[in-house]
Asks: 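Submitted below is the structure of interest, expressed as structure tokens.
Please read all numbers here as calculations on a predicted model, not as lab measurements.
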Amino acid sequence: MLWTFAMIACAQSSVTDAETARALDQLYDAWALTAPGIPTIDAATLMKDLNRDTPPLLIDVRDPHERAVSILPGAISLEDYEANRARHNGRPVVTYCTVGVRSGYVARRLAKEGVNATNFRGSILAWTHAGGPLVTPTGKPTDDVHVYGKRWNYANSAYDPFVGDPPQPLP
């Protein structure tokens, strides 16, 4: 498994999307062993659930500079959720981040608080492997995805990985 991670990190351009997706799964599985008991949802199931009459609420737990690059359509920030919990009372939530580690801890905390919370396995990077759309915070479609750091670039090659802070608009 460590070889797979090293292969992705050192030779991103020479591996297939299928190999990258498998490495992302292995990375998530390695973390999940240290944090058992967190309910998860995969990309295919989430895509189906988002088309239901009452879809789950997507909560993006990433930092603002990551969300400034792209989000899943319809997602809100954790800060917005926390400030407006009453508005979302009783609605199931799905938390996500880059890979699913940070969002897993948030899903666990929310579940302990009585929220029907599920963690998105592989998170925004798994979304790219499922071909899911991304949008900017203003709703404009984009292929850019913040990958947290070069080491975490497990995005599908059809998307443009971004590391660092997005450019700020001029005053």
Asks: Could you check whether any side-chain heavy atom of Leu78 comes within less than 4.5 Å of a side-chain heavy atom of Val106, counting everything from C-beta outward?
Replies: yes
Asks: Judged by modelled atom types alone, do Asp80 and Ser77 share a side-chain donor-acceptor pair under 3.5 Å?
Replies: no
Asks: Under the 3.5 angstrom rule, does the side chain of Ser70 hit a backbone N or O of Thr136 as a donor-acceptor pair?
Replies: no
Asks: Could you tell me whether the side chain of Ile71 reaches within less than 4.5 Å of the side chain of Arg62, counting heavy atoms only?
Replies: yes
Asks: Can we say Asp49 and Arg52 salt-bridge, meaning some charged N sits less than 4.0 Å from an Asp/Glu carboxylate O?
Replies: yes
Asks: Between Thr98 and Val147 (side chain of the first, backbone of the second, donor and acceptor by atom type, cut-off under 3.5 Å), is there such a pair?
Replies: no
Asks: Under a 4.0 Å N-O cut-off, is there an ion pair linking Arg121 with Asp29?
Replies: yes
Asks: With no hydrogens and no angle check, just 3.5 Å: does a side-chain donor-acceptor pair link Asp60 and Tyr96?
Replies: yes
Asks: Honestly curious: do Val61 and Tyr81 fall in one hydrophobic cluster under the side-chain, below-4.5 Å linking rule?
Replies: yes
Asks: Measure from the ring center of Tyr105 to the ring center of Trp31 and say whether it is less than 6.0 Å.
Replies: yes
Asks: Any luck finding a side-chain donor-acceptor pair between Asp17 and Ser157 under 3.5 Å?
Replies: yes
Asks: Does OH belonging to Tyr148 count more than 12 external heavy atoms closer than 6.0 Å?
Replies: no
Asks: Has Thr20 got a side-chain atom pairing as donor or acceptor with Thr16's backbone, closer than 3.5 angstrom?
Replies: yes
Asks: Is there a donor-acceptor pair under 3.5 Å between the side chain of Arg91 and the backbone N or O of Pro55?
Replies: yes
Asks: Honestly curious: do Met47 and Tyr159 fall in one hydrophobic cluster under the side-chain, below-4.5 Å linking rule?
Replies: yes
Asks: Taking the side chain as every heavy atom from C-beta outward, state whether Leu110 and Glu82 have any pair of such atoms under 4.5 Å apart.
Replies: yes
Asks: Any sub-3.5 Å donor-acceptor pair from Ser123's side-chain atoms to Phe120's backbone N or O?
Replies: yes
Asks: Measuring only between side-chain heavy atoms, which start at C-beta, is Ile76 closer than 4.5 Å to Leu58?
Replies: no
Asks: Is the shortest side-chain N to carboxylate O distance from Glu66 to Arg102 below 4.0 Å?
Replies: yes
Asks: Just by modelled atom types, is the Arg85 backbone N or O under 3.5 Å from a matching donor or acceptor in the Asn89 side chain?
Replies: no
Asks: Quick one: does Arg108's side chain have a donor or acceptor within less than 3.5 Å of a partner on Ser103's backbone?
Replies: no
Asks: Can you find a heavy atom in the side chain of Asn119 that is under 4.5 Å from one in the side chain of Tyr28?
Replies: yes
Asks: Check whether any side-chain heavy atom of Val145 lies under 4.5 Å from a side-chain heavy atom of Asp160, and answer yes or no.
Replies: no
Asks: Has the side chain of His129 got a donor or acceptor atom that lies under 3.5 Å from a matching backbone atom of Leu24?
Replies: no
Asks: Quick one: which of Leu134, Leu125, Val69 gives a side chain to side chain contact (heavy atoms under 4.5 Å, CB included) with His146?
Replies: Val69
